[in-house]
Amino acid sequence: MNTSTTTRLKDLEREEHICVLYACESGSRAWGFASQDSDFDVRFIYAHPTDWYLSVYDGRDVIERPIVDGMDLVGWDIRKALRLFRKSNPPLLEWLDSPICYLDQLGFVNRLRELAPGYYSPRSCLHHYWHMAQGNFDKYVQGASIEQKRYFYVLRPVLACLWIERGFGTVPMEFGKLVDRLVEPGDLKNEIATLLEQKRAGRELDEGPRLSTIHGFLDQELRRLANQHGVPEAETTAVEPLDELLRWTLAQVSVRDTMPEFGR
């Protein structure tokens, strides 16, 4: 699949005349609880040649492709990515930590990772994960019969909130790291382990009964977090390092653009 994904990304570069700076897996396969038929959620950051940005009008800053053979391709233009990075966007921070990397070109992502500590906002990230967890909890895990995968989409952001509260830094993408560090041995950890085993072995939409220990934990934590998540602080981080990274990267893309193999 890695080879197939890289091929698709290289085809996309030629079709759109872009440079894919970084591409990774984002979703259940990167989180570590994929089912047998889970999609491949490929997320990427790309850049156009410099002239594309020298226009009176802004161009579209997202590239998406229909799901084909279980592969979901979505990418953000470098300017969009850097603007979101400045706001401590949690999905983008997770991309930088993905255990599955498909493409890494021109050194862009390493420079971005070096800047991450200065742009990480615990409060903004906590608000994001709390909002995600509460929304999924209210919408998907209130019935007598529940799609079992939905528990993970509440568990993971709740654990992410605990990770942030305890001052552990940016949230790791892998679910197992959250569980290992935050959940003590006992009924809750055992029930999570059982659910994880079933999720990996089952098909994507398997349903099952309400899981009392997990459900009780989620309900308790969400009630507590409702009064503590706060409001994200105003954007106060410096833009100059991001402008410098943008200009540096576009210079690298321009050099690459002159190479014979570019655009073939």
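When all heavy atoms of I78 and I45 are compared, the closest pair comes out as CA-CG2, 4.0 Å. Minimum interatomic distance between Y151 and I146 (heavy atoms only, all atoms of both residues): OH-CD1, 3.3 Å. Closest approach of W163 to T170, counting heavy atoms only: NE1-O, 3.2 Å. Across every non-hydrogen atom of I214 and E191, the tightest pair is N-OE1, 2.7 Å. Heavy-atom minimum distance, G169 versus I164: O-CG1, 4.4 Å.
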Which is it for K177 and E174 under the salt bridge (charged side-chain N to carboxylate O under 4.0 Å, His left out) test, yes or no, and what are the steps along the way?
CA-CA 6 Å; K177 291 182 179 179; E174 294 171 84; 3.2 Å; yes
Evaluate the criterion side chain to side chain contact (heavy atoms under 4.5 Å, CB included) for residue pair F137 and Q142; output intermediate values, then yes/no.
CA-CA 7 Å; F137 185 74; Q142 297 303 316; 3.2 Å; yes
Let's go through R156 and E94 carefully: what are the C-alpha distance in whole Å and the side-chain angles of both, what is the deciding distance for salt bridge (charged side-chain N to carboxylate O under 4.0 Å, His left out) to 0.1 Å, and is it a yes or a no?
CA-CA 12 Å; R156 186 174 180 276; E94 289 184 11; 3.1 Å; yes
Verify side chain to side chain contact (heavy atoms under 4.5 Å, CB included) between L155 and V158, making sure each step is shown before the conclusion.
CA-CA 5 Å; L155 268 170; V158 164; 5.9 Å; no
In sequence, state the C-alpha distance, the side-chain angles, and the governing distance for R224 and E165, and then conclude on salt bridge (charged side-chain N to carboxylate O under 4.0 Å, His left out).
CA-CA 12 Å; R224 182 184 65 81; E165 281 187 318; 2.8 Å; yes
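Here H48 and Y46 bring their ring centres to under 6.0 angstrom of each other. A distance below 6.0 Å separates the ring centres of Y153 and W31.
Dense packing is recorded around CD of E16, with more than 12 heavy atoms of other residues, nucleotides or ligands lying under 6.0 Å away. Within a 6.0 Å radius of CZ in R166, more than 12 heavy atoms belonging to other residues, nucleotides or ligands are found.
A cation-pi contact links R181 to F168, judged by a cut-off of 6.0 Å to the six-membered ring centre and 45° from its axis. Cation-pi geometry between R111 and W248 is satisfied (NZ or CZ under 6.0 Å from the ring centre, within 45° of the ring normal).
In this structure, D41 and R29 have side chains that are not in contact, with every pair of non-hydrogen atoms separated by 4.5 Å or more.
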